[in-house]
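Remarks on the structure that follows.
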Amino acid sequence: MALLQDINLPPSALPAQCDVIVVGAGPAGSAAALTLARAGFDVVLVDQQAFPRDKVCGDGLIPDAHHALRRLGLLDEVLAQAQPVGHVGVIGPRGGRVDVPGTLAVLPRRELDWILCRGAVAAGARMFAPLRFVGTLESTVDGVAQVVGARLRSGDTTHEVRAAWVLIASGAPPQALQAAGVCERRTPSGVALRGYVRNPALVGRLSELEVVWHPKMKRGYGWIFPCPNGVFNIGVGVAHSHARRRGAPARGGATMQDVNLRAMFEAFTRVHPAARELVSGGEWVGELKGAPLRCSLDGAQLSRPGLLVSGEAAGSTYAFTGEGIGKALETGTLAAEAVIEGRRDAAGEPQVRAVYEQRVRALAPRYAVYERAQAVNHHPWLVDLLVWSARRSPGRLKRMSGVLEETHVPSSLTSPRAWWRLLFDRR
Ligand SMILES: Cc1cc2nc3c(=O)[nH]c(=O)nc-3n(C[C@H](O)[C@H](O)[C@H](O)COP(=O)(O)OP(=O)(O)OC[C@H]3O[C@@H](n4cnc5c(N)ncnc54)[C@H](O)[C@@H]3O)c2cc1C
């Protein structure tokens, strides 16, 4: 493993200018920095935390993450450390279960994100951390405010770096989005809580990504994902955690609903036997920690002159399941590619932004599928129906696997008729 000081450069080494400043070294930011640096761009990557760092997550890598990691050339390194998994175990309130096949793995984010940001640095990006983005540098071009750099803070000192592009990849918290002038909604789409429990006795018995729905976990679900070395990631999440107040403006004005994630976690360990066994016979590794989620490409502008937004900052996480590593990698890569193509084709700044926004919007049908599936979180009995239906026909199970693998055209699942087909058509 490389020494920490090899990665986290001090602010005193910041250049006065560079080609692109990337804010956030999670999956979105590191993927963008790596892609840009490989294409010869001078990239400054900043994160408010020194790496390696922890990130509250379920650590599950679904097929889109495998695909994106392969494109970045990092899949083998990730899989060498990850726990391989072959199915998502979908478990209903009555205990019925169906195992949907998929290309899956689990690797704690401390390790995954360390591989990603080291990949960016190996490609030539310079990583400065801990360093916090606090605002943009702007100049007026033809009467329009254009971002021309970033203000970055370490302790009481503010540094200014000028750049042709600033990429915001700061994840779900809204502060960086607000500082960049692109935040449309402060509140998250959902909230989730997770902890790690070591229990070697369950290795081999809990070998799939188990996702559990039950009326005792209102509007959400619980999960157990097997990490390497006899450790399990266990957690609960709630979708639509923030409701809009009556009469509140269309943007903003949402408040936290009556959600108690710790009580929900307790309920999970009561109603799901495997969760009970894991926790009662295991040893906690660290504390239970919660974090927000931003989903469904909602809550922020995708760009403004001189600035692009990608990853969860742009709402790239899927609603319903809260999976977002793959789409963070993908949208970070899309942002980098738009900038690279813009330079190659001598395209204007507005054109680069238009290309990026168009490519991100092209993902919208996939998000619509996951938004529609949110019904399951509100009506857990639908999972029993899904389990019953999948068990009756291999064709149905194959279609579910196709949705997970993203080999089905997802737009075909955005109508009620298509969902009916998924559940009841025997072909
Ligand atoms: C409990 C929970 C479970 C989840 N489980 C899964 C799962 O199993 N699988 C899955 O695919 N997804 C899961 N997700 C979603 C996943 O964590 C996110 O989709 C993913 O982390 C988004 O990546 P990102 O790069 O956009 O943002 P992040 O990973 O959040 O990275 C953003 C980075 O920006 C930095 N930053 C923020 N503000 C600033 C600033 N002002 N200046 C400098 N740096 C800044 C942060 O320190 C951070 O390192 C889960 C989320 C939660 C909360």
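Numbers here are sequence positions counted from 1.
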| Do we see a donor-acceptor contact under 3.5 Å between the side chains of S139 and Q146? | no
Can you find a heavy atom in the side chain of [X] that is under 4.5 Å from one in the side chain of [Y]?
{"X": "L112", "Y": "Q81", "result": "no"}
{"X": "K327", "Y": "L329", "result": "no"}
{"X": "V43", "Y": "R126", "result": "no"}
{"X": "V211", "Y": "F225", "result": "yes"}
{"X": "E357", "Y": "L308", "result": "no"}
{"X": "N233", "Y": "P108", "result": "no"}
{"X": "V376", "Y": "Y221", "result": "no"}
{"X": "F232", "Y": "L206", "result": "yes"}

| query | Out of L278, V197, I224, which residue meets the side-chain contact (heavy atoms from CB on, under 4.5 Å) rule with L202? | reply | L278
[X] and [Y]: which non-hydrogen atoms are nearest, and at how many Å?
{"X": "R396", "Y": "A390", "result": "CB-CA, 4.3 Å"}
{"X": "I7", "Y": "C117", "result": "CG2-SG, 4.2 Å"}
{"X": "D59", "Y": "C227", "result": "OD2-SG, 4.3 Å"}
{"X": "G290", "Y": "L193", "result": "N-CD1, 3.7 Å"}
{"X": "D99", "Y": "G89", "result": "OD1-CA, 3.2 Å"}
{"X": "A338", "Y": "V352", "result": "O-CG1, 3.6 Å"}

Is the side chain of [X] donor-acceptor paired with the backbone N or O of [Y] at a distance under 3.5 Å, no angle test?
{"X": "Y356", "Y": "V309", "value": "yes"}
{"X": "S401", "Y": "V100", "value": "no"}
{"X": "Q374", "Y": "F320", "value": "yes"}
{"X": "N260", "Y": "R262", "value": "yes"}
{"X": "S189", "Y": "C295", "value": "yes"}
{"X": "E349", "Y": "G306", "value": "yes"}
{"X": "N377", "Y": "R219", "value": "no"}
{"X": "Y367", "Y": "S316", "value": "yes"}
{"X": "T269", "Y": "E266", "value": "yes"}
{"X": "T331", "Y": "G311", "value": "yes"}

| request: Start with the C-alpha distance between F265 and W223, add both sets of side-chain angles, then the distance that settles ring-ring contact (aromatic ring centres under 6.0 Å, His included), and finish with yes or no. | output: CA-CA 10 Å; F265 187 87; W223 73 81; 9.0 Å; no
| message | For a salt bridge (charged side-chain N to carboxylate O under 4.0 Å, His left out) check, start with the C-alpha distance between R118 and E77, then their side-chain angles and the critical distance, and finish with the verdict. | response | CA-CA 11 Å; R118 273 192 298 149; E77 192 176 347; 3.8 Å; yes
| Would you say H67 has more than 12 foreign heavy atoms packed within less than 6.0 Å of its NE2? | no
| request: For Q358, look at atom CD and say whether over 12 heavy atoms of other residues, nucleotides or ligands are found less than 6.0 Å away. | output: no
Residues [X], [Y]: salt bridge by 4.0 Å N-O rule:
{"X": "E337", "Y": "R71", "value": "yes"}
{"X": "E138", "Y": "R304", "value": "yes"}
{"X": "E330", "Y": "R359", "value": "no"}

| note | Sequence neighbours excluded, the answer for side chain to side chain donor-acceptor pair (under 3.5 Å) partners of R294 is none
To the closest 0.5 Å, what do you measure between [atom1] ([X]) and [atom2] ([Y])?
{"X": "N199", "Y": "E283", "atom1": "CG", "atom2": "CD", "value": "9.5 Å"}
{"X": "S170", "Y": "R132", "atom1": "OG", "atom2": "CZ", "value": "12.0 Å"}
{"X": "L116", "Y": "L34", "atom1": "CG", "atom2": "CG", "value": "8.5 Å"}
{"X": "M217", "Y": "H272", "atom1": "CE", "atom2": "NE2", "value": "8.0 Å"}
{"X": "I325", "Y": "E323", "atom1": "CD1", "atom2": "CD", "value": "7.5 Å"}
{"X": "L104", "Y": "L209", "atom1": "CG", "atom2": "CG", "value": "5.0 Å"}

| task | With side chain to side chain contact (heavy atoms under 4.5 Å, CB included) as the test, would you mind laying out the steps for D19 and L36 before giving the verdict? | result | CA-CA 9 Å; D19 292 331; L36 285 160; over 6 Å; no
| request: For the pair F41 and V339, evaluate side chain to side chain contact (heavy atoms under 4.5 Å, CB included) and give the outcome as yes or no after the intermediate values. | output: CA-CA 10 Å; F41 280 68; V339 170; 3.7 Å; yes
Run the side-chain donor-acceptor check on residues 44-56: report pairs under 3.5 Å with partners two or more places apart or on a different chain.
residue	atom	partner	partner atom	Å
D47	OD1	Q49	N	2.9
D47	OD2	A25	N	2.8
R53	NH1	D113	OD2	2.8
R53	NH2	D113	OD2	2.9
D54	OD1	R194	NH2	3.2
D54	OD2	R194	NH2	3.4
D54	OD2	K289	NZ	3.4

| task | Take L61 and V78, measure what side chain to side chain contact (heavy atoms under 4.5 Å, CB included) needs, and give me the verdict at the end. | result | CA-CA 10 Å; L61 297 170; V78 168; 3.8 Å; yes
| field | Face-on cation placement of R366 at Y318 ring, 6.0 Å and 45° thresholds | value | no
| message | Show, in sequence, the C-alpha distance, side-chain angles and deciding distance for L131 and H159, and conclude whether the side chain to side chain contact (heavy atoms under 4.5 Å, CB included) test is met. | response | CA-CA 9 Å; L131 191 61; H159 308 263; 4.2 Å; yes
